[in-house]
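Below you'll find the structure, written out as C-alpha cells, and then a few comments.
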Number of protein chains: 2
Amino acid sequence: MRTSSVEQLILDLFAGQPVETAHFTAQEIYLQLKPQLPAVNPSTIYRALERMTRSGKISISDMGKGAAVFEIVGKERHHHLVCETCHQVITLSDDTIRPLFDELSRQFGFEMTTNHLVLFGHCPACRRKK
Amino acid sequence: MRTSSVEQLILDLFAGQPVETAHFTAQEIYLQLKPQLPAVNPSTIYRALERMTRSGKISISDMGKGAAVFEIVGKERHHHLVCETCHQVITLSDDTIRPLFDELSRQFGFEMTTNHLVLFGHCPACRRKK
DNA sequence: TGACATAATGCAAATCTTTGCGTCTGCAAT
DNA sequence: ATTGCAGACGCAAAGATTTGCATTATGTCA
Ligand SMILES: [Zn+2]
Ligand SMILES: [Zn+2]
Ligand SMILES: [Zn+2]
Ligand SMILES: [Zn+2]
C-alpha cells in the first residue's frame, strides 16, 4: 500500500489536534484540503478515506452530525457518549468498554475491530430540563 | 403526530418479518413501496423515515452495507456482531449489553437511547482462514 | 535504465440524500 | 359546513457520495 500524497495530507490534518475531539466529516476534510490541493477531485478524497479506514489508520463513526465522521486511530482507544439534545460529547476511556469487548471475543470467538464506539442518549442537564 | 399513509406502509413492510433480521436501507424501502405507491416521491420516504426514527418507531444503524439500515423497534432490544469479511450477522440478546448501558447510566447520569448496537469484527471461521 | 504491474488520480456520469418552497389533506374549533 | 392550522407531500434543485473508465504516477525487477 503506497502512501499517497493525499493520505499524508489527511494525516497532517489530524496531527496536532487532540485525538479525542478531532472528528471530521468527508466534506470537512475535502474543504480543509482545498487550499493546499486546489485541483483535487472529491472522489480522490473519498477513496483515500475509504482506504485509510480499511487499513486501520483512521476510524469512521456516526456521531449524529448527519454525516459520518473520521478520526485518527491513536494508541489508546476511546469512545463517546453523545447527547441527542445538546449535542454534548463525553469521552469514555477504553477501560469502560474493554470488558464488554473481551467478553464478546471470549464468548463468540469474535475478534472485535470496532475501535470507536458512539452511544447516544440524554445528558444529565438535558434530562433535568425536561 | 399524525400517522401518515407512508408511515403505515413502512410499518407494514416490517410487519411479518422477523424483527432481528429485517434491516432495510432507505432505497430498499423506497423500492419496495413503489408498487403500492407508484407516484411516491423519494423525499417523502426519506422524511417519513426521519420522523419515525426521531419518534422511536424505528431505529437507524450502520451495518456495513454502505448505507444506513432501518429496523422496527420491537419490545425486546437486540444487537449484532457483523463479520467484516463474510458479512455474517450474529444477533446478541440485550442481556449482553444491558449491564454496560446500566453502568454508563449510573456513572454519568446519562439516559441511553441507543437501542441497536452494531459491532464489527471477524468471525471465528474467517479468523481461522487467515 | 526500461518495461511491467499496481496503485492512485481525474473526470464525468450515475446515485443517493437533503432542502426550500408551494400545495394539499386531515383534524378541530367554531 | 366553513375556516384555520399544522403536518405531510410533490417537485425541482442542490448537495453529497459512489462508480466506471481512462490516464498518470510509483515501485519492482530484469
Ligand atoms: Zn472520538
Ligand atoms: Zn444534553
Ligand atoms: Zn437488528
Ligand atoms: Zn466471517
Side-chain angles (χ1 to χ4, degrees), chain A residues 1-14 23-72 82 84 87 118 120, chain B residues 1-14 22-72 82 84 87 116 118 120:
Chain A
M1 192 66 50
R2 200 176 305 169
T3 296
S4 74
S5 53
V6 168
E7 285 191 28
Q8 189 52 56
L9 285 175
I10 292 175
L11 291 175
D12 291 349
L13 256 194
F14 285 109
H23 304 117
F24 301 130
T25 67
Q27 274 301 305
E28 287 166 350
I29 291 172
Y30 172 60
L31 293 177
Q32 291 191 65
L33 254 47
K34 244 345 189 6
Q36 304 154 69
L37 290 175
V40 77
N41 196 279
S43 64
T44 300
I45 306 292
Y46 284 100
R47 280 194 271 233
L49 290 171
E50 203 263 329
R51 279 199 306 272
M52 297 169 77
T53 301
R54 197 152 21 82
S55 68
K57 292 178 194 159
I58 60 179
S59 69
I60 178 172
S61 324
D62 173 13
M63 298 197 52
K65 292 222 284 179
V69 295
F70 298 88
E71 178 178 310
I72 193 85
V82 177
E84 288 183 327
H87 308 109
V118 181
F120 295 91
Chain B
M1 193 66 50
R2 198 179 309 167
T3 297
S4 75
S5 53
V6 169
E7 286 192 29
Q8 189 52 56
L9 286 175
I10 292 175
L11 292 176
D12 292 348
L13 257 194
F14 285 109
H23 303 119
F24 301 131
T25 67
Q27 275 300 305
E28 288 167 349
I29 292 171
Y30 173 60
L31 292 176
Q32 290 192 64
L33 253 46
K34 248 331 191 19
Q36 305 155 67
L37 290 175
V40 77
N41 195 277
S43 63
T44 301
I45 306 292
Y46 285 100
R47 281 195 270 234
L49 290 171
E50 202 263 328
R51 280 199 306 273
M52 295 167 77
T53 301
R54 195 150 24 83
S55 68
K57 292 177 193 160
I58 60 180
S59 69
I60 179 172
S61 324
D62 172 13
M63 298 197 52
K65 293 221 284 178
V69 295
F70 297 88
E71 178 178 311
I72 193 84
V82 177
E84 287 182 328
H87 308 108
H116 189 242
V118 181
F120 295 91

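Chain letters run A, B, ... following the sequence lines, proteins first and then strands; every chain starts at 1.
- Regarding A:E28, its CD atom lies at a distance of 10 Å from the P atom of D:dT17, rounded to whole Å.
- Residue A:L37 contributes atom CG, which lies 9 Å from atom P of C:dT9 at whole-angstrom precision.
- Rounded to an integer number of Å, the gap from A:E7 CD to D:dA25 P is 18 Å.
- A heavy-atom distance below 4.5 Å is not found between the side chains of A:V118 and A:D62.
- The salt bridge (charged side-chain N to carboxylate O under 4.0 Å, His left out) pairs that include a residue from residues 38-50 of chain A are A:E50-A:R54, where partners are two or more places apart or lie in different chains.
- In the helix from C:dT1-D:dA30 to C:dT30-D:dA1, the end axes, each obtained as the rotation axis mapping the C1' atoms of four pairs onto the next four within a five-pair block, lie 20° apart to the nearest 10 degrees.
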Let me have the donor-acceptor pairs involving side chains of residues 33-41 of chain B, under 3.5 Å, with sequence neighbours excluded, atom names and distances please.
from: B:N41; atom 1: OD1; to: B:S43; atom 2: N; distance (Å): 3.1
from: B:N41; atom 1: OD1; to: B:S43; atom 2: OG; distance (Å): 2.9

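- Between A:E50 atom CD and D:dT17 atom C1' the separation is 12 Å, expressed in whole Å.
- A close approach under 4.0 Å does occur between a side-chain nitrogen or oxygen of B:R51 and OP1 or OP2 of D:dC9.
- For B:F70, there are no ring pair (Phe, Tyr, Trp, His ring centres under 6.0 Å) partners at least two apart in sequence or on another chain.
- Proximity of A:T44 to the phosphate of C:dA8: no side-chain N or O atom is located under 4.0 Å from OP1 or OP2.
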Contact string for nucleotides 14-19 of chain C, one letter per nucleotide 5' to 3', B = base within protein heavy-atom range under 4.0 Å, S = sugar-phosphate only, - = neither, reads --SSBB
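- Here the side chains of B:I10 and B:E7 are not in contact, with every heavy-atom distance at 4.5 Å or above.
- The two residues A:F120 and A:G64 come nearest to each other via the heavy atoms CZ-N, 3.6 Å.
- Looking at residues two or more places apart in sequence or on another chain, you find no side chain to side chain donor-acceptor pair (under 3.5 Å) involving B:Q32.
- Atoms CD1 (B:I45) and P (D:dA8) sit 14 Å apart, rounded to a whole Å.
- Looking at heavy atoms from C-beta onward, A:H23 lies out of side-chain contact with A:F14 at the 4.5 angstrom threshold.
- For the pair B:V69 and B:M63, the tightest heavy-atom approach, listed with the atom from each and the gap, is CG2-CG, 3.5 Å.
- Here the P atom of nucleotide C:dA8 and the CG atom of A:L49 are 13 Å apart, to the nearest Å.
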